[in-house]
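Report on the structure given below.
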Amino acid sequence: MELPGGCSLHWQTQGRGALARPATAAASPSAAAASQRSGRNRRLFFPRSLGEGEGRALWRESGKELSKILREEAAIGGVERKAISSTSTHRLWPKAVLGALDDAVSNNQWESALQIFGLLRKQKWYNPKGRTFARLMMMLGRCGQPRHAGSLFQIMLSEGLRPTPDVYTALVGAYGRNAFWEEALALIDEMKSLPTCHPDVYTYTIFIDCLCKQRRFDLIPRALAEMKQLGISPNVVTHNIIIDGYGKAKMLEEMESSLSEMIACEGCLPDECTLNSILWAYGDCGLIQEMERSFDEFQHMGVEPDVTTFNILIRSYGRAGLQAKMCLVMDFMKKRFFSPTTVTFNSMIDSFGRAGNIEKMEETFRLMKFQGVKPNSVTYCSIVSGYSRAGLLVRIPLILRQTENSDVALDTPFFNCVINAYGEAGEVEIMEEMFLFMREKHCKPDSVTLATMIQAYRGAGMLQVAENLDTRLLELDKQFRQGACLKRGMLE
DNA sequence: ATAGGGTTAG
């Protein structure tokens with residue numbers, strides 16, 4: 001049975017009512033760091049749900065932990081060496097500290113961001129700003145650190161800063177992103193009681209976005225009712241987020257009725273984001289006729305498609321095996337002077353590859369380069385998978401060589417494609433070489449890598465190795481450290 | 001200056 005979006009894991013294991021909270025990233029710092037590195041597979045690292053008592057203990061602890069981080073001296077040396085030429089950590093240049101903080105925040109390096117922030121607070125010129133706190137809290141939310149976000153909020157209050165709706169909203173978002181529904185809702189209630197910090201349309205839109213992302217559609221009516229009660233009208237973004245959420249969850253009826261509500265809503269006209277969400281939903285379900293009908297409807301409403309719209313159409317037609325229509329979209333773009341992007345070409349290449357049309361796939365790849373659109377890791381990923389499906393393993397080294405000669409940043413998904421290609425073909429030895437190659441390129445194996453390799457070992461009848469993958473990977477790792485790396489024959 | 005923007009791997 002297919003779990004919609006694969007995200008229901010949390011809720012199935014919970015038996016403590018609608019607001020019961022799943023195990024979260026905050027449970028263990030090392031697990032949280034691992035989840036951060038693994039990106040979309042974060043869920044896999046937290047199969048065990050956290051007992052209520054355990055969670056409470058962490059809540060008490062987190063203040064201490066945070067202040068420890070804020071005092072951490074490790075980052076200070078780093079900032080000094082990198083950006084600051086000063087001997088005293090109390091007299092640093094604003095520009096350097098703030099720049100370093102910005103960098104850390106935008107790279108989601110929450111630990112160094114907090115350390116740099118601790119440094120910032122020591123400066124004579126430091127002037128606490130709500131916006132800085134808000135940004136840090138949002139980042140902590142993204143990094144699975146809602147407890148730290150909460151502590152930061154307390155620190156802000158203790159610095160005598162008057163809270164504003166946007167810092168409250170940032171914390172609501174940090175809680176919501178991590179499914180801390182009780183905390184998020186309590187905070188919204190607190191806002192209602194404060195005359196200067198009433199929740200606004202941003203607060204509720206962010207909260208609803210969190211609900212959608214975590215498939216808590218049951219709580220959406222409640223949020224909307226609260227908004228109505230407070231006289232806050234949903235805006236275009238609010239509606240788009242709900243429509244997109246239902247679409248992603250393949251709840252097409254709910255999506256359509258949300259669209260009707262949006263159209264009925266005063267001053268809320270559907271825009272190209274609405275269109276794209278709807279097309280994506282139908283395309284993803286393979287409902288091509290519905291997709292085309294929606295496209296026409298939006299045309300009549302005067303909503304103009306953008307490049308993303310065309311990319312979605314191309315992807316959908318491609319996956320539905322309608323290559324001819326896919327090409328028609330490309331022609332249409334040309335006539336309307338829409339420049340194809342990397343995503344456009346990647347979608348085309350991917351669907352030709354899936355369809356086993358290697359000629360067309362290669363032709364499109366050539367055209368892409370000829371038009372000066374830069375291939376990226378996704379491009380190479382699709383090509384490798386295309387070759388793999390067509391049994392053309394011999395052409396993969398050619399692709400590897402091309403990536404070597406370009407400045408494209410290879411990533412874990414790319415190597416997973418390569419490893420899968422050789423694994424599927426039963427070429428276990430080459431697969432292992434590719435694993436070493438991956439390590440050499442500083443790409444971290446993730447849960448997909450491991451699953452792929454286990455499957456390959458099983459397929460090759462190496463059941464023992466599949467059972468004890470850890471042992472085998474340690475052996476490979478040892479080889480890697482001893483400099484065995486890749487047999488260069490592959491690339492020459 | 002607070003929200004969405006959709007290509008890849010098991």
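So you know, we letter chains A, B, ... as the sequences are listed, proteins then strands, and number each from 1. The structure presented is a predicted model; accordingly, all values stated were derived computationally and were not measured.
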*When we call it a touch if two heavy atoms are under 4.0 Å apart, what does D411(A) touch: a base, just sugar-phosphate, or nothing?*
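If one applies the 4.0 Å heavy-atom cut-off, D411(A) turns out to touch nothing in the nucleic acid.
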*Pick base, sugar-phosphate or nothing for N420(A), based on heavy-atom distances below 4.0 Å to the nucleic acid.*
sugar-phosphate
_Give me the atom names and distance for the closest heavy-atom approach of P234(A) to C268(A)._
O-SG, 3.6 Å
*Work out which heavy atom in S316(A) is nearest to a heavy atom in I288(A); give both atom names and the distance.*
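Looking at all heavy atoms of both residues, the shortest contact is O-CD1, 3.9 Å.
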Spacing of [X] atom [atom1] relative to [N] atom [atom2], expressed in whole Å:
X       : N       : atom1 : atom2 : result
R319(A) : dA9(B)  : CZ    : C1'   : 12 Å
I242(A) : dA3(B)  : CD1   : P     : 17 Å
R142(A) : dT2(B)  : CZ    : C1'   : 12 Å
I454(A) : dA9(B)  : CD1   : C1'   : 15 Å
D209(A) : dG6(B)  : CG    : C1'   : 14 Å
F415(A) : dG10(B) : CZ    : C1'   : 17 Å
R389(A) : dG10(B) : CZ    : P     : 8 Å
D102(A) : dA1(B)  : CG    : C1'   : 13 Å

Check: [X] side chain, [N] base, donor-acceptor under 3.5 Å:
X       : N      : answer
N235(A) : dA3(B) : yes
S277(A) : dG6(B) : yes
N346(A) : dT7(B) : yes

Using the side-chain heavy atoms of [X], tell me which of these nucleotides is nearest: [options].
X       : options                 : result
M138(A) : dA9(B), dT2(B), dT7(B)  : dT2(B)
D306(A) : dG6(B), dT8(B), dG5(B)  : dG5(B)
T452(A) : dT8(B), dG6(B), dG10(B) : dG10(B)
I206(A) : dG10(B), dA3(B), dT8(B) : dA3(B)
D166(A) : dA3(B), dT2(B), dT7(B)  : dT2(B)
S377(A) : dT8(B), dG6(B), dG10(B) : dT8(B)
V378(A) : dG5(B), dA3(B), dT7(B)  : dT7(B)
Q455(A) : dG10(B), dT7(B), dA9(B) : dG10(B)

*Carefully, step by step, assess L194(A) and M191(A) under the rule side chain to side chain contact (heavy atoms under 4.5 Å, CB included).*
CA-CA 5 Å; L194(A) 299 168; M191(A) 291 175 79; 5.6 Å; no
_Looking at D446(A) and V448(A), would you say the former's side chain and the latter's main chain have a donor-acceptor pair under 3.5 Å?_
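Yes: the side chain of D446(A) pairs with the backbone of V448(A).
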_Taking 4.0 Å as the cut-off, does a side-chain nitrogen or oxygen of R354(A) come that near to OP1 or OP2 on dA9(B)?_
yes
_With H239(A), the side-chain contact (heavy atoms from CB on, under 4.5 Å) member among C265(A), P270(A), S258(A)_ =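 Considering C265(A), P270(A), S258(A), a side-chain contact (heavy atoms from CB on, under 4.5 Å) with H239(A) is found only for C265(A).
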*asked:* Angle between ring planes, F217(A) versus Y246(A), binned at 30° and 60°: parallel, tilted or perpendicular?
replied: parallel
